[in-house]
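Here is the naming used below: chain letters follow the sequence lines, and residue numbers restart at 1 for every chain.
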Amino acid sequence: MGTGGVSFPLEMKSVIAMNDYLGSIFEKYLHAKKIFKNKEVLRHSYTPKELPHRKEQIEELAHILVPVLRGETPSNVFVYGKTGTGKTVTIKFVTEELKRISEKYQVPVEVIYINCEIVDTQYRVLANIVNYFKGESGVEVPLVGWPTDEVYARLREVIDARERFVIIVLDEIDKLIKKSGDDILYSLTRINTELGRAKVSIIGISNDLKFKEYLDARVLSSLSEEEVVFPPYDANQLRDILMQRARDAFNEGVLDDAVVPLCAALAAREHGDARRALDLLRVAGEIAEREGASKVTEHHVRLAQDKIEQDTMEEVIKTLPLHSKILLYSVVLLDENGELPANTGDVYSVYKKVCDYLDIEPLTQRRVSDLINELDMLGIINAKVVSKGRYGRTKEIRLNVTPHKVKKIFGADDQLRPLLTLNLSGQRRLV
DNA sequence: TGTCCACTGGAAGGGAGGGCTT
DNA sequence: AAGCCCTCCCTTCCAGTGGACA
């Protein structure tokens with residue numbers, strides 16, 4: 001537009017400037033070398049065609065399940081291993097393979113996969129199983145409402161409708177048992193005695209090794225007829241896994257040599273969690289892509305590590321129930337006043353004042369004590385039970401996140417924003 | 001050595017909120 | 001509409017406890 005005497009009105013000028021700007025953004029991304037070939041490969045839900053370093057477990061499971069093909073009921077199986085050791089993906093791989101082969105031998109097999117972290121009550125597990133067959137039986141159980149006995153009766157009916165093998169996979173089974181007891185396992189492990197045509201076997205997956213203690217002896221003996229253990233991956237094994245996925249996920253030459261080993265090493269430090277390793281690799285790639293970089297470097301992995309930690313913590317705090325948020329804010333106030341570590345009584349009295357300020361009815365100390373434990377479990381605060389002798393037994397409470405971060409998150413929350421004005425001066429009155 | 005503090009954490013149960021059947 | 005049922009969140013009650021202090 002130079003000096004030609006043409007003068008655009010001000011708005012027009014800024015539109016042109018904006019267009020230039022946008023254009024350059026698009027061009028930047030357009031000309032940046034494409035990092036990902038197929039990002040899906042790095043997702044947790046993806047089942048790869050090969051599972052490195054799990055051959056032993058696959059063969060063990062195949063050995064346990066092979067009676068199906070001969071028309072015999074396989075043993076129930078208990079699968080152990082920490083998070084990210086490939087339990088779920090291996091089970092899915094093996095059961096899919098079993099289904100495929102069983103068609104060849106004309107043995108009908110149904111595999112029902114239930115994640116007990118989501119489906120975490122006896123009723124819902126039974127309902128899920130019944131609903132799995134709703135296509136053929138026409139029976140659908142609502143999410144709540146029916147008596148559990150009724151659901152169980154329907155379950156027997158729909159499963160026994162024809163001759164077949166039904167394999168029920170209960171992932172994160174420890175969550176279910178801790179929450180609703182082992183009655184359901186008791187019924188499920190005995191169901192075969194009540195069935196005429198169908199045969200049921202159960203695969204329980206758990207990452208809590210101690211969880212067997214919660215089980216009744218009879219349930220335990222029938223459920224853990226067979227056990228398969230998934231040891232954590234070491235850094236070398238993680239590297240192989242990442243290498244295999246990286247080949248399909250990234251374009252050639254975009255990964256710096258140090259990236260995969262670094263992701264593997266960082267994840268190996270966290271008890272050999274392959275999920276974590278895959279997340280690191282994916283997020284590092286995304287960061288590089290956003291930067292318009294042509295290569296993913298070690299630097300991107302470090303950024304990814306920070307980002308993952310930040311994101312999970314932020315998400316956890318954002319989704320806390322109201323009273324947990326108020327409680328957390330009480331700890332923040334104490335921290336800003338230099339009064340941490342504080343004990344339960346101190347935190348509770350600040351909490352009551354904050355509730356008062358917000359015109360919200362406070363919960364009892366008993367309940368708050370549980371909320372403190374929950375925040376501790378989530379890693380947001382630290383609560384250690386200590387005895388102060390004559391001065392009683394209480395929890396010593398510390399903050400595990402920066403007050404700044406909590407305030408930032410609460411600033412976006414309409415109900416809690418008023419709390420932010422409780423700055424140091426207001427707080428002195430409060431505490 | 002016994003006392004006693006400031007809680008902890010288990011147990012039981014209530015009621016609101018969701019949904020069902022009849 | 002009435003009568004069930006299940007789950008979740010919460011209260012009430014209370015026995016139990018580690019260790020400083022007298």
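Residues in residues 157-168 of chain A take part in these side chain to side chain donor-acceptor pair (under 3.5 Å) pairs, two or more places apart or across chains: A:Glu136-A:Arg164. Residue pairs meeting the salt bridge (charged side-chain N to carboxylate O under 4.0 Å, His left out) criterion with at least one partner in residues 310-334 of chain A, sequence neighbours excluded, are A:Lys307-A:Asp311, A:Glu314-A:Lys318, A:Lys325-A:Asp413.
Under 4.0 Å is where a charged nitrogen must lie from a carboxylate oxygen, and between A:Asp356 and A:Lys352 no such pair does. Taking the charged nitrogens against the carboxylate oxygens, A:Lys175 and A:Glu172 do have a contact shorter than 4.0 Å, which makes a salt bridge. A salt bridge links A:Glu336 with A:Lys407: the closest approach of a Lys/Arg side-chain nitrogen to an acidic carboxylate oxygen falls below 4.0 angstrom.
Every residue meeting the salt bridge (Lys or Arg N to Asp or Glu O under 4.0 Å) condition with A:Glu97, not counting sequence neighbours, appears here in chain and number order: A:Arg100. Residues that satisfy the salt bridge (Lys or Arg N to Asp or Glu O under 4.0 Å) test with A:Arg70, not counting sequence neighbours, are A:Glu72. Residues that satisfy the side chain to side chain donor-acceptor pair (under 3.5 Å) test with A:Ser330, not counting sequence neighbours, are absent from this structure. Take A:Phe250 and apply the ring-ring contact (aromatic ring centres under 6.0 Å, His included) test, not counting sequence neighbours, and it matches A:Phe36. Among residues two or more places apart in sequence or in another chain, the salt bridge (Lys or Arg N to Asp or Glu O under 4.0 Å) test is passed with A:Glu103 by none. Shown here are the salt bridge (Lys or Arg N to Asp or Glu O under 4.0 Å) partners of A:Arg276, two or more places apart in sequence or in another chain: A:Glu270, A:Glu309.
Within a 6.0 Å sphere centred on NE2 of A:His63, other residues, nucleotides and ligands contribute 12 heavy atoms or fewer.
One atom, NZ of A:Lys384, and another, C1' of B:dC7, lie 16 Å apart when rounded to the nearest Å. Going from atom CD of A:Glu396 over to atom C1' of B:dT8 covers 15 Å, rounded to whole Å. Whole-Å rounding puts the A:Lys388 NZ to B:dT8 C1' distance at 15 Å.
When the nearest nucleotides of DNA chain B are assigned to A:Arg366 and A:Asn343 by heavy-atom distance, the more 5′-ward of the two goes with A:Asn343.
Using a 4.0 Å heavy-atom distance criterion, A:Glu150 is classed as making no nucleic acid contact.
At B:dC7, none of the side-chain N or O atoms of A:Lys395 fall inside 4.0 Å of OP1 or OP2 (strictly under the cut-off). A close approach under 4.0 Å does occur between a side-chain nitrogen or oxygen of A:Thr344 and OP1 or OP2 of B:dT8.
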Tabulate atom names and distances for all N/O pairs under 3.5 angstrom spanning the protein and nucleotides 12-20 of chain B.
from: B:dC20; atom 1: O3'; to: A:Trp146; atom 2: NE1; distance (Å): 3.2

Between the protein and nucleotides 1-4 of chain B, list the N/O to N/O atom pairs that are separated by less than 3.5 angstrom.
none

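Not a single donor-acceptor pair under 3.5 Å links the side chain of A:Glu226 to the backbone N or O of A:Val77.
On the nucleic acid side, DNA chain C has its first and last nucleotide under 4.0 Å of a heavy atom of chain A at C:dC5 to C:dC21, going 5' to 3'.
Within residues 370-380 of chain A, the residues having any heavy atom under 4.0 Å from DNA chain B are, by residue number, A:Asn373.
Side-chain N/O atoms of A:Arg393 and base N/O atoms of B:dG9 include no donor-acceptor pair closer than 3.5 Å.
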